[in-house]
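Counting from 1, the numbers follow the sequence of the chain as shown.
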Amino acid sequence: MNINWRSRLATQLATVVAGCALAGWPFGHVGLAVALGLAVYLAVTLRHLLRLHAWLLSEAPGAPPEAEGLWGEVLDRLYRRQRHEQRQREELLAVIGRAQASTEALRDAIILVDRHGNLEWWNRAAETLLGLRQPQDLGQPITNLVRHPRFSDYFLGGDYGEPLELASPLNDDEYLHILVTRFGEGDRLLLVRDVTRLHQLEQMRKDFVANVSHELRTPLTVITGYLETLLDNADHATPRWRRALGQMQQQAGRMQHTIDDLLLLARLEATDYPADNRPVVLEPLLASILQDGRALSGAVGHRLSLECEPGLALLGSETELRSCFSNLVFNAVKYSPEGGEVRVRAWQDAEGAHVAVQDNGPGIDARHLPRLTERFYRLDASRASSTGGTGLGLAIVKHVLIRHRGGLDIHSVPGEGSCFTCDFQPEQIAQRTAASA
Ligand code: ADP
């Protein structure tokens, strides 16, 4: 019911004043009677106010004090609002309780980190997986507690596109998969999962490939050796047999290349960073690779050119870097037509060092680019077999770059050519060239 309290109060007040005036009139004390009446009215109002105040202050407020009229309505409405808010709070607490109980039950660790990189909250699994302790570690920088150079690089680097996989800080035999998501204003959520089992399976796969490759190597060396001897003494053999022997030798050579590449990949995957992290000066390395590229080009006659900032050197393994750059240069030669141009450039800038191998060959359709570094991925199997490729070249390039804190950028336009650029982080530069010093 919607009562007009303003007019009701006015009427009430007018009634008090008129009643008191009437009562005081016969005695000739109208003013005194009205003042007395208003004082009583004020006293009643103040009493209600004090009761309301006491009720609001009470620790566990129950039903509000009884009152009539406007005071009754005010108290009633306040009580109803309070009950509503209490119900909402209870519902919210129940939801939070359930969320907390479910995160506690999770086997994956969830960690909240504030914008300064300090720990804010974590579930129980974080204590088992990362050894965080409640409450000592609260507010501590996460990089002080998860002490691993790769974790610090990843967490502080801020590029969370790919998850990080690393050995557990508590147990070297356990492997963790870490995913960081940004939220709020610079806050971060870490999801850590135990992937030991998956890691073991992956390790078994790698070991299997490495073992099979290794086991095939010796018999293949024997076969190629005998084929060579047979071919050397094939003067009396019929042309048919000579052709067959030639093809056998060619295919055995391909198999040997594939096995060598598989073994190299297995070696690259076995450790995180190259053991021999020494300065490798790029100019002589690239010049000698170009020399090999010219030899591969042979009579076809590609034009190979090199532009390299003098003295530019990278930290890393010379053997691995040679294998990375020569795969790119040899691909450029293999896949560009006769007389094609191959340009190799090496330079550095604020973002780090770069080595680009550009050709004016057939180019690659954009749909192939994301899968190009997968093992055995080829655009055209027939073309690949004619070029003698193993399908592992770009996978090797990718792994060498990962181990040298670098990445591969492929830019290609069908019909115009391709440019494969290896980008290395500034920390990987061993020597600043005179130009940038
Ligand atoms: P392969 O041993 O077959 O050359 P790679 O991993 O080196 O294997 O290359 C994968 C595929 O990418 C090749 O089969 C080829 O189709 C394509 N490719 C690589 N480099 C080039 C290039 N410079 N121009 C055109 N296609 C290329």
Please report the closest heavy-atom contact between Asp137 and Gly131, naming both atoms and the distance.
OD2-O, 4.1 Å
Hits for ring-ring contact (aromatic ring centres under 6.0 Å, His included) against His399, two or more places apart or cross-chain, chain-then-number order -> none
Report, one line per pair, each donor and acceptor closer than 3.5 Å where one atom sits in a side chain of residues 211-218; sequence neighbours left out.
unit_1, atom_1, unit_2, atom_2, d
Asn211, ND2, Asp207, O, 3.2
Ser213, OG, Val209, O, 2.6
Arg217, NH2, Asp260, OD1, 3.3

Partners of Glu202 by side-chain contact (heavy atoms from CB on, under 4.5 Å), sequence neighbours excluded?
Arg205, Lys206
Would you say the side-chain atoms of His302 pair up with the backbone N or O of Val333, donor to acceptor, closer than 3.5 Å?
yes
Would the number of heavy atoms belonging to other residues, nucleotides or ligands and lying under 6.0 Å from CG of Asp172 be above 12?
no
d(Thr421 OG1, Ile410 CD1) to nearest 0.5 Å is 9.5 Å
Do you know which two heavy atoms are closest between Leu315 and His404, and how far apart they sit?
O-CD2, 3.5 Å
Expected output: side-chain His148 to main-chain Arg150 donor-acceptor under 3.5 Å:
yes
Over all heavy atoms of both residues, which pair between Phe325 and Cys422 is shortest? Give the atoms and the distance, please.
CE2-SG, 3.9 Å
If you measure only the distance, is there a donor-acceptor pair under 3.5 Å linking the side chains of Ser418 and Ser412?
yes
Using the test side chain to side chain donor-acceptor pair (under 3.5 Å), find all partners of His411 that sit at least two apart in sequence or belong to another chain.
none
Side chain to side chain donor-acceptor pair (under 3.5 Å) partners of Arg371, counting only residues at least two apart:
Glu374
Checking the side chain of Arg322 only, and the main-chain atoms of Leu285 only, is there a donor and an acceptor separated by less than 3.5 Å?
no
Does the pair Arg403/Glu320 count as a salt bridge with the N-to-O cut at 4.0 Å?
yes
Any pair counted as side-chain hydrogen bond (donor to acceptor under 3.5 Å, both in side chains), so long as it reaches residues 156-165, sequence neighbours left out
Tyr160-Arg188, Glu165-His199
Mind checking whether Arg345 and Cys308 have side chains closer than 4.5 Å, heavy atoms only?
no
